[in-house]
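Structure record follows, encoded as structure tokens.
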Amino acid sequence: MEYKRCSSCIPGSGALTEYYQPGQLSPASVRWLNLQEYQSKQLMADNGIKVQRFQVAQSLDQAKSIASTLSHDNHDVDEFVIKAQILAGGRGKGTFSSGLKGGVQLTKNPQAVPAIVEQMLGYKLVTKQTPKEGVAVNKVMIAEALDIARETYLAILMDRSHNGPVVVASPAGGVDIEEVAEKTPELIYKVTTTLSTIPDNLDIKEGLSKDKAMQIAKDLRFPPNLQEEAAAQIARLYQLFLKVDATQIEINPFGETPQGRVTFVERTSQDPIISLQLQNRSILSIFCHYCHLRFKLMLPLFLVLFSNHTMSVPVVCFDAKVNFDDNAQFRQKDIFGMEDHAESDPREVEASRHHLNYIGMDGNIGCLGHDNHVNGAGLAMATMDIIQLYGGSPANFLDVGGSVREEQVKLAFELITSDPKVKAVLVNIFGGIVNCATIANGITNACKSMNLSIPLVVRLEGTNVEEAKKILRESKLPIITADNLGDAAKKAVESLNQ
């Protein structure tokens with residue numbers, strides 16, 4: 001099977017987000033559910049995908065227990081990796097408020113694990129993607145650090161232009177995929193979805209066949225003895241992608257450990273974890289010599305004796321990013337129930353509970369709006385740009401959605417004005433499905449119940465706009481009306497000086 005080579009840039013902090021080359025992939029929609037690294041790893045492990053052995057600690061006592069358990073002689077853990085669990089990227093180069101440098105630490109000494117964890121838990125980690133004050137670390141993942149013989153890149157994402165999943169692969173993994181696309185675009189391959197039976201493409205009905213998965217493994221340059229296992233892992237990732245309604249699963253690196261390693265991984269917390277290095281067969285050799293049987297004959301018996309354990313081969317998903325389709329929340333309740341709100345703005349969380357979208361910023365003009373004709377994000381950006389054009393600065397933006405009710409408008413005002421930096425509010429509604437009269441009633445009721453004391457500028461356009469304007473006039477409230485967006489932004493900025 002021949003792959004289509006993608007020579008376009010793939011931007012996005014190591015994450016596969018969108019393609020800009022015409023005819024390639026269209027920009028992906030923004031998705032708001034984010035899982036911590038350990039949650040993504042557990043999700044993969046639960047679906048038969050190979051990951052490092054790990055546990056999560058929320059206290060020093062748990063860290064000591066995990067280090068002791070993983071460092072037991074039978075576990076054969078040569079090195080530990082301790083990773084702060086936050087959603088922001090750039091952890092490895094971050095700095096803790098405790099003074100510790102690096103949110104990813106390595107140690108071969110199990111006694112050193114609690115001391116490292118102590119400098120992470122409860123402290124704030126500052127990275128290039130966190131706020132200036134950093135993000136508090138409440139959980140750390142303690143995992144077995146595995147040697148990586150070679151790193152590859154694998155991603156599966158939903159692409160609207162191809163009406164289905166697209167597989168993107170590269171034998172050059174472990175680095176930012178943007179860099180690979182820029183310097184060696186011939187090393188990036190993709191398999192696109194089709195509704196027809198074109199050999200090079202992914203049949204949406206058939207899914208990822210065994211032959212296609214094997215070809216991906218070959219083009220990722222796995223050696224012959226690992227291609228079958230790599231193909232099996234690729235197939236399971238594709239099955240997981242469909243099962244959880246993912247919009248993206250990105251594995252970087254999708255790697256191989258040094259050849260010769262076989263690990264027996266525990267299935268229950270009561271079972272021991274047994275690791276054997278086939279390059280040093282001392283235990284098996286003695287056992288086989290004692291029984292006067294050849295190693296190959298005894299290995300099946302040995303596996304039967306340890307029937308509670310499964311064998312892991314040296315193809316591992318070392319790091320993963322998983323995005324989900326918000327529209328599938330109704331049938332992925334367990335997945336969405338895993339969402340960690342510890343790092344979220346409480347106002348964003350409260351807004352989402354009421355089917356509103358809130359984004360906080362640093363200015364002093366609060367913005368409320370909706371656009372049924374284009375999209376809310378476009379209207380939001382236009383509103384904020386024009387505010388800045390007239391010398392103002394947006395403090396937040398709240399999109400009320402097309403099915404908004406009057407009580408939601410009141411809540412929206414409460415959320416916007418809960419920010420002490422907000423000194424004026426601009427409402428910009430371009431209604432199609434949404435009824436402008438509903439917005440007007442919500443605004444007047446909110447102003448009366450809240451006793452709003454800061455300037456309020458309202459621009460309404462669209463369905464039932466004349467009735468909406470009448471409601472605002474008859475309310476006798478000090479509401480500043482505007483004829484268009486430019487007029488509204490100008491009046492909002494001017495109101496700050498009155």
Scan the side chains in residues 382-390 for donor-acceptor partners under 3.5 Å anywhere in the protein, sequence neighbours excluded, and list what turns up.
unit_1, atom_1, unit_2, atom_2, d
T383, OG1, L379, O, 2.8
T383, OG1, N428, ND2, 3.1

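- The residue from L368, V458, I443 that alone fulfils the side chain to side chain contact (heavy atoms under 4.5 Å, CB included) condition with I429 is L368.
- A donor-acceptor pair shorter than 3.5 Å can be found between the side chains of K41 and Q52.
- A donor-acceptor contact shorter than 3.5 Å links the side chain of S209 to the backbone of K212.
- For K83 and E37, the salt-bridge test passes: some basic side-chain N is under 4.0 Å from an acidic carboxylate O.
- A donor-acceptor contact closer than 3.5 angstrom is absent between the side chains of Q55 and Y38.
- Contact check for I234 versus L220: side-chain heavy atoms found under the 4.5 Å cut-off.
- Using a 4.5 Å heavy-atom threshold, the side chains of T95 and L100 count as separate.
- For the pair S170/Y189, no side-chain contact is recorded, criterion being any heavy-atom separation below 4.5 Å from C-beta on.
- Taking all atoms of both residues into account, the shortest heavy-atom contact from G392 to I365 is CA-CD1, 4.4 Å.
- With rounding to the nearest 0.5 Å, the separation of OG in S418 from CE in M450 is 8.5 Å.
- Annotation: the span from K190 atom NZ to I156 atom CD1 amounts to 15.0 Å, rounded to 0.5 Å.
- Listed for the Q105 side chain is a donor-acceptor partner under 3.5 Å among the backbone atoms of G102.
- Formation of a donor-acceptor pair under 3.5 Å by the E467 side chain with backbone atoms of T463 is not found in this model.
- Salt bridge present: E179 and K183 bring a charged side-chain N and a carboxylate O closer than 4.0 Å.
- Interatomic distance, SG of C447 versus CD1 of I454, reported as 9.5 Å (0.5 Å rounding).
- Here the side chain of R236 pairs a donor or acceptor atom with the backbone of G48 at under 3.5 angstrom.
- To the nearest 0.5 angstrom, L60 atom CG is 6.5 Å from L121 atom CG.
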- Message: Run I82 and M141 through side-chain contact (heavy atoms from CB on, under 4.5 Å) and show every step you take.
- Response: CA-CA 6 Å; I82 302 100; M141 184 180 74; over 6 Å; no
- Item | Criterion side-chain contact (heavy atoms from CB on, under 4.5 Å) on I216 and L154, from CA distance to verdict | CA-CA 9 Å; I216 294 172; L154 180 72; 4.2 Å; yes
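- A 4.5 Å side-chain heavy-atom check between S393 and D362 finds every atom pair outside the cut-off.
- F96 and G103 make their closest contact through CE1-CA, 3.7 Å (heavy atoms, listed as atom of the first residue, atom of the second, distance).
- At a threshold of 4.5 Å between non-hydrogen side-chain atoms, the residues D159 and V166 count as touching.
- Using a distance-only test at 3.5 Å, with no hydrogens or angles considered, no donor-acceptor pair links the side chain of Q408 to the main chain of G442.
- A donor-acceptor contact shorter than 3.5 Å links the side chain of T417 to the backbone of F413.
- Environment of CG in D46: crowded, with over 12 heavy atoms of neighbouring residues, nucleotides or ligands closer than 6.0 Å.
- Judged by distance alone, the side chains of D326 and Q329 never bring a donor and an acceptor atom under 3.5 Å apart.
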- Evaluate side-chain contact (heavy atoms from CB on, under 4.5 Å) for N484 paired with D487, printing each intermediate quantity in order. CA-CA 5 Å; N484 54 60; D487 183 38; 3.3 Å; yes
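- Of the possible donor and acceptor atoms, one in the side chain of R91 sits under 3.5 Å from a partner among the backbone N and O of A84.
- In this structure, the side chains of I148 and P253 come closer than 4.5 Å at one or more pairs of heavy atoms.
- Other residues, nucleotides and ligands contribute only 12 or fewer heavy atoms inside 6.0 Å of the OH atom of Y123.
- Other residues, nucleotides and ligands contribute only 12 or fewer heavy atoms inside 6.0 Å of the NZ atom of K490.
- Judged by distance alone, the side chain of T127 and the main-chain N or O of G89 form a donor-acceptor pair under 3.5 Å.
- The two residues S40 and L35 have their closest heavy-atom pair at OG-CB, 3.9 Å.
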- Task: Kindly indicate, with the supporting measurements, whether the criterion salt bridge (Lys or Arg N to Asp or Glu O under 4.0 Å) is fulfilled by E466 and K470.
- Result: CA-CA 6 Å; E466 294 305 322; K470 180 181 177 183; over 6 Å; no
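- Annotation: salt bridge (Lys or Arg N to Asp or Glu O under 4.0 Å) contacts of E407 (sequence neighbours excluded): R405.
- Atoms CG and CZ, on L208 and F241 in that order, are 11.5 Å from each other to the nearest 0.5 Å.
- Here the side chain of Q39 pairs a donor or acceptor atom with the backbone of M338 at under 3.5 angstrom.
- One finds the CZ atom of F80 at 11.5 Å from the CG atom of L106 (value rounded to the nearest 0.5 Å).
- In this structure, the side chain of T184 does not engage the main chain of L187 through any donor-acceptor pair within 3.5 Å.
- No side-chain heavy atom of V315 sits under 4.5 Å from any side-chain heavy atom of K50.
- For F222 and F254, the gap between ring centers is short of 6.0 Å.
- Of all non-hydrogen atoms in G366 and N396, the two that sit nearest each other are CA-OD1, 3.2 Å.
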- Message: Assess the residue pair E414 and K410 against the criterion (salt bridge (Lys or Arg N to Asp or Glu O under 4.0 Å)); give the C-alpha distance rounded to whole Å, side-chain angles, the decisive distance to 0.1 Å, and a yes or no.
- Response: CA-CA 6 Å; E414 292 174 351; K410 179 178 180 295; 2.5 Å; yes
Distance-only criterion, 3.5 Å: show the donor-acceptor pairs between side-chain atoms of residues 472-483 and protein atoms not counting sequence neighbours.
unit_1, atom_1, unit_2, atom_2, d
S475, OG, L472, O, 2.6
S475, OG, L477, N, 3.3

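- Under the 4.5 Å side-chain criterion, counting only non-hydrogen atoms from C-beta, L240 is in contact with M44.
- With a 6.0 Å radius and a threshold of 12 heavy atoms from other residues, nucleotides or ligands, K421 has its NZ atom above the threshold.
- In this structure, I471 and A437 approach most closely via the heavy-atom pair CD1-O, 3.9 Å.
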- Query: Are F430 and R459 close enough, and set up right, to give a side-chain contact (heavy atoms from CB on, under 4.5 Å), and what steps lead you there?
  - Reply: CA-CA 8 Å; F430 193 56; R459 178 257 182 168; 4.2 Å; yes
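- Closest non-hydrogen pair, A143 versus F54, comes out as CB-CB, 3.6 Å.
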